[in-house]
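Worksheet for the structure shown next.
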Amino acid sequence: MAKIETPRPVRGTQDMLGGTPEAFQERFAHVIATFDRVRRLYGFNRVEVPVFEATAVFARSLGESTDVVSKEMYTFEDRGGDSITLRPEFTAGICRAYITEGWQQYAPLKVATHGPLFRYERPQKGRFRQFHQLDAEIIGAGEPGADVELLVLGDQLLRELGIEGVTLTLNTLGDAQSRDAWRAALIAHFEAHRDQLSEESIDRLARNPLRILDSKDPRDRPVADSAPGIDAYLTDEARAFFEKVTAGLDAAGVAWERNARLVRGLDYYRHTAFEFVTDRLGAQGTVLGGGRYDGLIENLGGPATPAVGWAAGIERLAMLVDMPERASIDVAVIPMGEAAEAVAIGIIADLRRAGIVADMGYRGNMKKRMQRANAQGSRMAIIIGDDELAQGEVTVRDLTDGTQQRCKIEALGDFPLAGKASFVESLLRGFDPSKAIAN
RNA sequence: GCGAUCGUAGCUCAGUCGGUUAGAGCGCUGGUUUGUGGUACCAGAGGUCGUGGGUUCGGAUCCCAUCGGUCGCCCCA
């Protein structure tokens, strides 16, 4: 008989198990929990949007032409023949919902979400094909105050996660007029120094000239660094907008650095562009990034609507947060024999109902069960054997120092372990022995 | 799409100028201790050396191909 071959996990996906020494799942969960708590402080409501959308949602928002749309999305035909795409980002889907669900009535809308995203890319450090992001958006607010609020939110999130060594880099792309003028000047500059550019950047010049500015190729750096900055091309309005954003950050006490080379490829980006970056993640330094996308909702067929938002990679943040404490249990219940097990089921049910973290093995002799209790980090063991049972008692053992004592089952709720009354009291407060005995 | 690098036990890895039965630590199972863990000691199970082909008397080791992991380039919504 042929050996059954186990299907391999799909490239770029990951499995996370809680309770392991790496505690990656715990760190992942901690990032989400922190985000959920902090976003509430800023009045962002949770929004749920589908994991897949009509392909047009992303194709229009990203611009049909790009590599991103043609090569890097998970697109398939469903049984009805419709082209469907697994979401590669949150923003487009949220904007689609804003239009189709009539959420204009709630504008300005402050929403947050998190969940899986899918991109068909080559996996590497901090890049997966199914990955997860946190996302925060403000739709229907054209004021710089929205940009500031979002940035302060991002800053507080990173602080509360305890992530060190991240800097906020900030730039403005100006309004449409500023942006077009700057872009033209950049193209002129790069054309003039075409012979000094790398082959890749010569290609970029035709495709996406702004990207030459953040090229990693050392051959490009001199030309990129001497390229004109946007400041000379900013309209008065655009300059005033950026000044209000930076003034707001200063007022909120958020540190930032100007990065005049920070750009966005797509045309609908306006004004603020930002990235919180670190050098601790290899080639993927951006931990949280976003900007203002005033043109996007129109691209999707909606009314002209200003909006700004950011997204942050949960895996990347999880790699940077400190190891959380491993979950441990308070009490291990250890019955010896069937009669004891029946009583133990009652006791452990009441412990758990009282909010005490308790566990009981399905099998094993006493030694096995004690070993397991220890491996789980249990602070206490409640041992129920024939001797105890005969007298309506249990043995309560403190696993931190090995002391133990007998106790009537009825008295378990206020069992006084010598020298540790308060500990035991808090542990077993609320325990109802009458229910345990009833069982 | 391109490049580099690595695939040996459940995990982390040693072993390669080609040479008998492929090793360690951790984990797992059992025992020292038929009702007492965390330390210690003893024993045991577990491996088509990623896969396929080639060179050779002989391949975990050398060559080719292929699949997979990792890291980087491209791209980055």
Side-chain angles (χ1 to χ4, degrees), chain A residues 3 5 7-14 17 20-22 57-73 85 87-95 117-128 131 133 135 198-201 203-204 207-208 210-211 214-217 262-269 273 275 281-286 289-291 293 296 299 309-311 313 332 334-337 340 361 364-389 394-404:
Chain A
K3 188 179 188 314
E5 209 168 302
R8 304 283 76 200
V10 175
R11 168 173 288 175
T13 61
Q14 38 184 351
L17 177 64
T20 64
E22 303 77 35
V57 169
F58 305 112
R60 293 218 186 103
S61 93
L62 297 170
E64 315 277 350
S65 61
T66 55
D67 267 20
V68 164
V69 169
S70 56
K71 297 182 190 163
E72 295 172 15
M73 298 201 310
T85 295
R87 64 184 180 198
E89 58 156 338
F90 280 113
T91 307
I94 292 172
C95 288
L117 302 171
F118 306 85
R119 296 181 185 176
Y120 194 83
E121 296 182 293
R122 199 59 185 258
Q124 52 185 280
K125 192 179 183 67
R127 289 183 94 160
F128 306 92
F131 62 104
Q133 284 188 342
D135 186 89
S198 64
E199 309 77 57
E200 267 155 5
S201 284
D203 204 40
R204 289 187 183 111
R207 241 177 36 245
N208 199 349
L210 298 201
R211 279 286 168 207
D214 53 14
S215 169
K216 288 174 189 166
D217 194 318
L262 178 61
V263 294
R264 289 283 113 104
L266 303 172
D267 289 338
Y268 56 68
Y269 281 104
E275 291 180 357
L281 288 178
Q284 274 64 243
T286 301
Y293 51 93
L296 174 56
N299 281 7
W310 57 248
I334 301 181
M336 308 300 301
N365 58 24
M366 181 158 196
K367 179 173 174 145
K368 282 280 111 190
R369 288 168 184 265
M370 286 296 286
Q371 281 174 342
R372 183 172 172 82
N374 194 63
Q376 287 173 305
S378 183
R379 292 186 292 171
M380 227 169 158
I382 294 177
I383 299 160
I384 312 162
D386 292 339
D387 296 353
E388 287 88 346
L389 220 46
V394 296
T395 294
V396 179
R397 182 177 178 87
D398 184 326
L399 295 178
T400 60
D401 63 11
T403 58
Q404 68 180 41

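Protein chains get the first letters and strands the later ones, always in sequence-line order, with residue 1 at the start of each. Every value quoted in this text rests on a predicted model; they were computed, and no experiment measured them.
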Are the side chains of A:T91 and A:L296 in touch, meaning some heavy atoms are under 4.5 Å apart?
->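 They are in contact (side-chain heavy atoms under 4.5 Å apart), so the answer is yes.
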
Flag the pair A:M366 / A:I383 as yes when at least one side-chain heavy-atom distance between them is below 4.5 Å, and no otherwise.
-> yes

What's [X] touching, base or sugar-phosphate or nothing? Going by heavy atoms closer than 4.0 Å.
X      : value
A:A373 : nothing
A:E121 : base
A:N208 : sugar-phosphate
A:R204 : sugar-phosphate
A:D386 : base

In whole angstrom, what separates [X]'s [atom1] from [N]'s [atom2]?
X      : N     : atom1 : atom2 : answer
A:Q14  : B:G69 : CD    : P     : 13 Å
A:L266 : B:C75 : CG    : P     : 14 Å
A:R119 : B:C74 : CZ    : P     : 17 Å
A:L117 : B:C75 : CG    : C1'   : 17 Å
A:M336 : B:G35 : CE    : C1'   : 5 Å
A:D387 : B:U34 : CG    : P     : 15 Å
A:D203 : B:G1  : CG    : P     : 18 Å
A:F128 : B:G69 : CZ    : C1'   : 12 Å

When rounded to the nearest 0.5 angstrom, what is the spacing between [atom1] in [X] and [atom2] in [Y]?
X      : Y      : atom1 : atom2 : answer
A:T85  : A:M73  : OG1   : CE    : 4.0 Å
A:T395 : A:E388 : OG1   : CD    : 3.5 Å
A:N365 : A:I334 : CG    : CD1   : 10.5 Å
A:R60  : A:C95  : CZ    : SG    : 14.0 Å

Shortest non-hydrogen contact from [X] to [Y]?
X      : Y      : value
A:T403 : A:D401 : OG1-OD1, 2.8 Å
A:D135 : A:A311 : OD1-CB, 3.8 Å
A:G364 : A:R369 : O-NE, 2.7 Å
A:K216 : A:A283 : NZ-O, 4.2 Å

Give me the distance, rounded to whole Å, that separates [N] from [M] when you measure between the [atom1] atoms they each carry.
N     : M     : atom1 : answer
B:G23 : B:A65 : P     : 33 Å
B:U12 : B:U21 : P     : 29 Å
B:U55 : B:C71 : P     : 38 Å
B:U32 : B:G37 : P     : 12 Å
B:G53 : B:G15 : P     : 28 Å
B:A14 : B:G30 : C1'   : 28 Å
B:G52 : B:A43 : C1'   : 40 Å
B:G3  : B:A22 : P     : 38 Å

When you check the phosphate oxygens OP1 and OP2 of [N], does a side-chain N or O of [X] lie under 4.0 Å from one of them?
X      : N     : value
A:K216 : B:C73 : yes
A:R369 : B:G35 : no
A:Q124 : B:C71 : no
A:R207 : B:C75 : yes
A:R127 : B:C76 : no
A:R211 : B:C76 : yes

Which nucleotides of RNA chain B pair, in dot-bracket form (Watson-Crick or G-U under 3.5 Å, | meaning another strand) = (((((((..((((.....[...)))).(((((.......))))).....(((((..]....))))))))))))....

Candidate nucleotides [options], ranked by approach to the side chain of [X] - the nearest:
X      : options             : answer
A:K125 : B:G72, B:C75, B:G68 : B:G72
A:E200 : B:C74, B:G3, B:C76  : B:C74
A:R122 : B:C73, B:G35, B:A77 : B:C73

On RNA chain B, nearest-nucleotide positions of A:Y269 versus A:K368: which is more 5'?
-> A:K368

In terms of the nearest nucleotide of RNA chain B, which residue is placed more toward the 5' end: A:E275 or A:R8?
->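 Checking each residue's closest nucleotide, the 5'-ward one belongs to A:R8.
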
What does nucleotides 36-46 of chain B look like as a protein-contact string, B for base, S for sugar-phosphate only, - for none, at under 4.0 angstrom between heavy atoms?
-> BBB--------

Non-neighbouring partners of A:Q284 that pass side chain to side chain contact (heavy atoms under 4.5 Å, CB included), sequence neighbours left out |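 If we apply the side chain to side chain contact (heavy atoms under 4.5 Å, CB included) test to A:Q284, skipping adjacent residues, the hits are A:Q124, A:R127, A:R316.
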
Does a salt bridge link A:E275 with A:R264, judged by any charged N lying under 4.0 Å from a carboxylate O?
-> yes

